[in-house]
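Because the structure is a prediction, the values reported are computed rather than measured. Atom set for the values below is all heavy atoms of this structure, side chains included, hydrogens, waters and symmetry mates excluded.
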Amino acid sequence: MDSILVRGNGALSGAIPIAGAKNACLTLMPATLLSDEPLTLTNAPRLSDIRTMTQLLQSLGAEVASLQDGLVLALSSHSITNHKADYDIVRKMRASILVLGPMLARYGHAVVSLPGGCAIGARPVDLHLKALEAMGADLDLRDGYVHAKAPGGRLKGAVVEFPFVSVGATENALMAATLAKGTTVLKNAAREPEIVDLARCLKKMGAKIDGEGTSMITIEGVDRLGGATHQVVTDRIELGTYMLVPAICGGEVECIGGTLDLVESFAAKLDAAGVSVTQTNRGLKVSRKNGRVRAVDVMTEPFPGFPTDLQAQMMALLCTADGVSVLEEKIFENRFMHAPELMRMGAKIDVHGGTAKVTGVEKLKGAPVMATDLRASVSLILAGLAAEGETVVSRVYHLDRGYERVEEKLRACGAHVERIAG
Ligand code: UD1
């Protein structure tokens with residue numbers, strides 16, 4: 001398994017191009033299952049999670065061609081031969097459950113393995129299933145699989161009220177509703193930019209959707225959807241991660257393709273910590289306002305709140321801030337696995353349940369550390385950039401699920417980062 005070696009060496013400056021959003025692409029790709037015409041996605045990120053979704057769709061009989069070095073994905077589902085998403089692929093990635101809604105909507109039946117995914121809490125899929133049940137699906141859970149059928153071969157429009165916000169359940173229900181008979185109203189829907197991006201793509205395919213980006217989405221089902229070409233929205237989590245580079249190390253970094261609307265609550269916290277963020281004509285420019293950053297309190301929430309997917313990286317910053325910060329994780333239980341690793345680097349962190357108290361230290365010290373999940377792994381790299389000496393982050397396969405060419409992007413700003421093949 002590969003490791004990443006980071007040598008902390010002071011201020012970093014340069015420009016970093018931000019890729020298309022992994023989480024948007026992972027829901028746009030299964031949208032191909034809704035139509036027999038081609039779907040072309042541009043600005044796709046080059047990540048192992050995207051390759052996993054490619055494999056999953058291909059296992060169903062979809063054609064997925066990766067063009068222009070992976071930046072363009074040409075998908076077609078004109079000859080789906082298999083309606084079973086197998087455990088062997090689904091277990092690698094929780095987002096695999098997103099094939100369920102579209103397959104059921106278009107074919108009237110589907111069998112999908114229950115997913116595994118990151119080790120960040122229980123992460124059930126009950127809300128996905130309840131939404132589809134409300135739309136008339138008969139669901140049978142046996143042998144680790146969901147066996148789903150739409151009576152009469154077609155889902156029906158319904159009012160679905162989510163008890164709490166779920167990004168994935170909103171996406172699954174939204175896709176399923178596009179081909180259901182009648183109108184579906186999703187209440188307490190997720191408002192993430194990736195949902196808006198999915199709705200925009202579905203509309204290009206002919207779907208009738210209103211209210212995306214608000215907590216109530218209305219979908220009027222149509223009989224068929226066509227093809228489309230769609231550009232994947234910028235990855236706000238990759239954006240936020242690289243915005244932290246000058247915040248944690250000093251220097252000035254311009255994140256190309258970044259826009260403030262994607263990271264408003266995150267940028268507000270950076271501002272409060274003493275980091276300036278300005279929109280330029282090609283992205284977001286970030287630098288510290290003065291010397292050391294100040295402590296700030298952070299609570300994760302659904303969009304437009306502070307994203308849980310930036311919590312680990314923000315913790316890395318706050319480890320060296322002046323004062324005591326309190327981080328509250330409200331979306332996932334058990335999402336502080338990076339804390340003990342940061343402590344190996346000299347950070348002072350007390351974790352109690354979903355709350356972490358971080359007392360800033362002047363300097364972190366390099367150490368061998370282990371990545372436990374995707375966002376944790378990049379938080380350890382950020383900490384390594386700010387630390388004295390060498391940090392070796394092992395088990396970086398998590399990193400490759402969500403960050404393309406990390407070493408290259410950081411090296412372009414003057415960082416000493418190397419991959420050690422293992
Ligand atoms: C998506 C993102 C992930 C991000 C998360 C929250 C993708 C591929 N992944 O994950 O990176 O961290 O949103 O912003 O887009 N829950 C249930 N039952 C369900 C569904 C969810 O209890 O049926 C719970 C989860 O365990 C979690 C919370 O709801 O505690 C929110 O999860 P959700 O928004 O569904 O996250 P994902 O869509 O899995």
Side-chain angles (χ1 to χ4, degrees), residues 10-25 28 40-47 67-73 191-201 203-204 212-213 228-290 293 296 303-307 309-310 313-314 317 378 382 385 402-415 417:
L12 298 176
S13 295
I16 300 182
I18 307 300
K22 167 180 88 76
N23 288 349
C25 202
L28 290 162
T40 305
L41 300 175
T42 63
N43 195 35
R46 281 75 59 92
L47 301 169
L67 311 171
Q68 293 182 32
D69 192 25
L71 273 177
V72 174
L73 296 172
R191 298 159 61 187
E192 270 64 5
E194 294 75 27
I195 306 271
V196 175
D197 203 40
L198 172 64
R200 282 197 186 131
C201 176
K203 283 182 178 180
K204 286 183 202 162
E212 67 275 18
T229 296
H230 181 78
Q231 180 179 334
V232 180
V233 67
T234 299
D235 195 316
R236 64 198 165 93
I237 306 302
E238 194 197 22
L239 170 63
T241 301
Y242 289 121
M243 286 168 72
L244 284 167
V245 169
I248 205 163
C249 298
E252 183 179 81
V253 170
E254 190 175 10
C255 297
I256 309 300
T259 54
L260 259 183
D261 58 320
L262 292 173
V263 284
E264 246 167 70
S265 58
F266 173 70
K269 286 294 172 192
L270 286 187
D271 182 64
V275 177
S276 118
V277 180
T278 22
Q279 181 84 59
T280 65
N281 56 7
R282 53 175 205 165
L284 293 179
K285 199 174 261 186
V286 185
S287 60
R288 281 186 200 159
K289 293 183 214 167
N290 300 305
V293 297
V296 287
F303 192 86
F306 191 101
D309 286 351
L310 284 172
Q313 301 89 312
M314 189 70 179
L317 172 70
V378 84
L382 287 173
L385 292 173
Y403 290 89
E404 61 170 47
R405 305 170 189 202
V406 188
E407 307 96 291
E408 215 176 281
K409 290 187 184 189
L410 289 172
R411 278 203 294 256
C413 297
V417 181

S.K.: Please assess L239 against T259 for the test side-chain contact (heavy atoms from CB on, under 4.5 Å), listing each intermediate value before the final yes or no.
M.R.: CA-CA 9 Å; L239 170 63; T259 54; 5.7 Å; no
S.K.: Atom CG in L47, atom CD in E404: separation rounded to 0.5 Å?
M.R.: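 Taking CG in L47 and CD in E404, the distance rounds to 6.0 Å.
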S.K.: From L410 CG over to C249 SG, what is the distance, rounded to the nearest 0.5 angstrom?
M.R.: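 L410 CG to C249 SG: 8.5 Å, rounded to 0.5 Å.
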S.K.: Hey, what do you get for CE (M243) to OG (S287), rounding to the nearest 0.5 Å?
M.R.: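 Separation between the atoms: 11.0 Å.
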S.K.: Quick one, E194 with F303, criterion side-chain contact (heavy atoms from CB on, under 4.5 Å). Give me CA distance, side-chain angles, the key distance, then yes/no.
M.R.: CA-CA 10 Å; E194 294 75 27; F303 192 86; over 6 Å; no
S.K.: Please walk me through it: do L284 and L260 pass side-chain contact (heavy atoms from CB on, under 4.5 Å)?
M.R.: CA-CA 7 Å; L284 293 179; L260 259 183; 3.9 Å; yes
S.K.: Once salt bridge (charged side-chain N to carboxylate O under 4.0 Å, His left out) is applied, what residue pairs with a partner in residues 240-264 remain, sequence neighbours excluded?
M.R.: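 Every salt bridge (charged side-chain N to carboxylate O under 4.0 Å, His left out) pair that includes a residue of residues 240-264, provided the two are not neighbours, is E254-R282.
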S.K.: Can you confirm whether more than 12 heavy atoms, excluding those of R200, are under 6.0 Å from its CZ atom?
M.R.: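 Atom CZ in R200 is not crowded, with 12 or fewer foreign heavy atoms closer than 6.0 Å.
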S.K.: If I compare all heavy atoms of L28 with all of L41, which pair ends up nearest, and what's the gap?
M.R.: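 Looking at all heavy atoms of both residues, the shortest contact is CB-CD1, 3.8 Å.
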S.K.: Considering all heavy atoms of both residues, which atom of V378 and which atom of T241 are nearest to each other, and what is their separation?
M.R.: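 For V378 and T241, the tightest heavy-atom pair comes out as CG2-CG2, 3.6 Å.
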S.K.: Salt bridge check: are D197 and R236 linked by an N-O gap of less than 4.0 Å?
M.R.: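 Result for this pair is no, no salt bridge flagged.
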S.K.: Flag the pair V245 / V286 as yes when at least one side-chain heavy-atom distance between them is below 4.5 Å, and no otherwise.
M.R.: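 No, too far: nothing below the 4.5 Å cut-off.
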S.K.: Between T40 and T229 (side chain of the first, backbone of the second, donor and acceptor by atom type, cut-off under 3.5 Å), is there such a pair?
M.R.: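 Not a single qualifying donor-acceptor pair exists.
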S.K.: Could you check whether any side-chain N or O of R411 sits under 3.5 Å from a backbone N or O of V417, counting only pairs where one atom can act as donor and the other as acceptor?
M.R.: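 Such a contact is found between R411 side chain and V417 backbone.
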S.K.: Working to the nearest 0.5 angstrom, can you tell me the gap between L198 CG and C25 SG?
M.R.: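 That separation rounds to 11.5 Å.
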S.K.: Of K409, R405, K22, which meets salt bridge (charged side-chain N to carboxylate O under 4.0 Å, His left out) against E238?
M.R.: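 Looking at K409, R405, K22, the match for E238 under the salt bridge (charged side-chain N to carboxylate O under 4.0 Å, His left out) is K409.
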S.K.: In a check of side-chain contact (heavy atoms from CB on, under 4.5 Å) between L317 and each of L382, L310, I248, V296, which one passes?
M.R.: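 It is I248; the other options fail the test.
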S.K.: Mind checking the CG-OH spacing from D235 to Y242? Nearest 0.5 Å is all I need.
M.R.: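 Between D235 CG and Y242 OH, I get 10.0 Å after rounding to 0.5 Å.
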S.K.: Compare every heavy atom of A24 with every heavy atom of V233, then report the nearest pair and how far apart it is.
M.R.: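 Heavy atoms of V233 and A24 come nearest at CG1-CB, 3.8 Å.
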S.K.: Show the nearest heavy-atom pair for residues N43 and V232, with the distance to one decimal.
M.R.: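 Scanning both residues completely, I find the closest heavy atoms to be ND2-O, 2.8 Å.
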S.K.: Nearest 0.5 angstrom please: L71 CG to Q231 CD, how far?
M.R.: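 If I round to the nearest 0.5 Å, the distance is 10.5 Å.
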S.K.: Show the nearest heavy-atom pair for residues G251 and S13, with the distance to one decimal.
M.R.: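 Answer, listing the atom of G251 first, then S13: CA-OG, 3.5 Å.
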S.K.: Any side-chain to backbone donor/acceptor pair from R288 onto A247? Under 3.5 Å, distance only.
M.R.: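 The answer is yes, because a donor-acceptor pair under 3.5 Å joins these two groups.
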S.K.: For T280 and K285, indicate whether the former's side chain and the latter's backbone hold a donor-acceptor pair under 3.5 Å.
M.R.: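 Checking the backbone N and O of K285 against the side chain of T280, no donor-acceptor pair under 3.5 Å is found.
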S.K.: Quick one: closest heavy-atom pair of I237 and P307, and the distance?
M.R.: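 Scanning both residues completely, I find the closest heavy atoms to be CD1-CB, 4.0 Å.
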